[in-house]
Amino acid sequence: MTDKPIPFNWPYMTGKELYYIAESHFNGRLAGDGPFTKHCHEWLEERTGCSKALLTHSCTAALEMAAMLLNIQPGDEVIMPSYTFVSTANAFVLRGAVPVFVDIREDTLNLDERLIEEAITPLTRAIVPVHYAGVSCEMDTIMSVASQHGLKVVEDAAQGVMASYKGRSLGSIGDLGTYSFHETKNVISGEGGALLVNSPELALRAEIIREKGTDRSRFFRGEVDKYTWQEVGSSFLPGELTAAFLWAQLEEAGKITKERLVSWQRYHDLLAPLESKGILRRPIVPDGCQHNAHMYYILLDPEIDRSRVLNDFQRNDISSIFHYVPLHSSPAGKRYGRPHGSLKVTNLQSECLVRLPLWFGLVEEQQEKIVNTLKKSLHFLS
Ligand SMILES: *Cc1c(COP(=O)(O)O)cnc(C)c1O
C-alpha cells in the first residue's frame, strides 16, 4: 500500500451515483431542473439557510451570474484577493469591471478585512471574499464595511461547502454566495456549482438570468401562462444527469466532511513537531470558524527551497503541489486588474505554500509516508 503512488486528489464516489443517473434515464428526464435538481436545491436551502439555491454548471458560472445580477458595469471596481482562482476575477472582468487586488491575512490567507476600507473608491461596487481552504473570512467586519459603503458582497465559497462562520454556512452570509462541485472539491459532480441567493429581491432575476433570460422557471411553476425573453441571460443550469450524480454526494456530505476532517487532523498532529522547530507553519483556523477539511497546506520557512521539497515528494511518488500564482502578477491580472498596496503577504506566502494530498480514503500509513518524506527532505530525520 505505501509503495503505490499517492495522488494529490482521488474523487470519492458514494456508490449511488449511477443508480440515480439510471433513474433519470428510465424516467426520460435529462434537461435541467428535474426532480434531482429540486432535491439538491432543497438540500442546499435547508442546509445553508439561503433564500434560494440554484444549481449551475460550475462555480465559475455562478460567479458570472452574480456579476450579472449585481449589474456590474464597465469601469466598476470589485475588491478581491489576488491569492485566488482565476474565476473570481474573470466573472467581473467579463462585465468590464476592474478587479482591485487586496492583500491577505497571514494566518488564514483570506482577504485582509482591515485593508478593504482604504481600497474603496467612488467606483467600488462589490467585495468578493474567498474562503480559502474552507476556512471563513472575517465576515462580520466585511459585511459591516460593505453596508457602511453601500457595497454588495459575493462570497466565493467554492471551497466552503459544509463549512461555517459563527454557525452560519459559508455562502449564506453575503448578498450572494457560490459553491463548486468540481471533481477536486469535497462534494462533487465532475463539473458543477451552485449560486446561493441570500437577498430575496434578487431571487426572481437569478432564475431568469440562469434560464437564458426568460421567465421559464415561473412558467413551470404555473405562475405565468407563457414564458418570454425578459432580460439578458445565458444557460447556466446543469443537466439532470449531473444533478442526479450530485444528489448521491449531497446525501453523504456529512460523512465525507467527517472523514476528511479525520485526515486533516492527523496531518495536523503529525506536523506539530516541525512547527515547534520553526521549519514550517500549519494552517490556522480562527475561533468561530468550522472548516470542512477541503485542503491541508503547510507554509515552509522562506529560507527553505520549496522546489527541492516538491521534487523529493515527486521522487517518492507523492503528488504534492503548490497553489495559486497571485493574479496581480499574472499577465491577465496586470492587464485587467489593479493591485492595492504592496500585497506583501500574498507575494511571500504564495511562494512558501505546499499542499499535501487529502481525499476521502487516504489512510494513516500513506499520511505517515508523506510526513516522513517531508521530514527527510527538511533534514528533520537523520
Ligand atoms: C474551484 C474554485 C473555483 C471554480 O470552480 P469551478 O466549479 O471549477 O468553476 C472558483 N473559485 C475558487 C476559490 C475555487 O477554489
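Residue indices begin at 1 and follow the sequence shown. Note that ligands are numbered from 1 as they come in the structure, with each ligand's atoms numbered from 1 the same way.
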Numbered atoms of ligand 1 (with element) below 4.0 Å of Ser58, judged on heavy atoms
7 (O), 9 (O)
From atom 5 (O) of ligand 1, work out which of Ser189, Ala133, Cys59 has a heavy atom at the shortest distance.
Cys59
Identify, by atom number and element, the atoms of ligand 1 in contact range of Tyr324, meaning under 4.0 Å from any of its heavy atoms.
13 (C), 15 (O)
For atom 11 (N) of ligand 1, find the nearest protein heavy atom and state the residue, atom name and distance (0.1 Å precision).
Asp156 OD2, 2.8 Å
Please state which protein non-hydrogen atom is closest to atom 3 (C) of ligand 1 and give its distance, to 0.1 Å?
Phe85 CD2, 3.5 Å
Would you call the rings of Phe181 and Tyr179 parallel, tilted or perpendicular, taking 30° and 60° as the class edges?
perpendicular
Quick one: which ligand 1 atoms are inside 4.0 Å of a heavy atom on Gly192?
7 (O)
Numbered atoms and elements of ligand 1 in range of His182, under 4.0 angstrom, heavy atoms:
8 (O)
Quick note on ligand 1: atoms under 4.0 Å from a heavy atom of Lys185 include exactly 1 (C), 2 (C), 14 (C), 15 (O)
Residues, nucleotides or ligands: over 12 heavy atoms within 6.0 Å of Glu368 CD
yes
Could you tell me, atom by atom, which parts of ligand 1 come under 4.0 Å of a heavy atom of Thr60?
4 (C), 6 (P), 9 (O)
If we count only N and O atoms by modelled type, under 3.5 Å, do the side chains of Gln265 and Ser263 hold a donor and an acceptor together?
no
Is it true that Asp215 and Arg205 make a salt bridge, defined as a side-chain N closer than 4.0 Å to a carboxylate O?
no
Ignoring hydrogens and angles, state whether a donor on the side chain of Asn9 or Thr184 is under 3.5 Å from an acceptor on the partner side chain.
no
Only residue of Ile142, Val154, Thr84, Ile173 satisfying side-chain contact (heavy atoms from CB on, under 4.5 Å) with Pro129 is Ile142
For atom 15 (O) of ligand 1, what is the closest protein heavy atom, and at what distance to 0.1 Å?
Gln159 NE2, 2.8 Å
With heavy-atom distances below 4.0 Å as the criterion, list the atoms of ligand 1 near Val130.
13 (C)
Ignoring hydrogens and geometry beyond distance, is a side-chain donor-acceptor pair present between Thr346 and Asp103 at under 3.5 Å?
yes
Ranked by distance from atom 12 (C) of ligand 1, the top protein heavy atom is Ala158 CB, 3.4 Å
Assess, by modelled atom type and distance only, whether the side chains of Tyr12 and Glu252 contain a donor and an acceptor separated by less than 3.5 Å.
yes
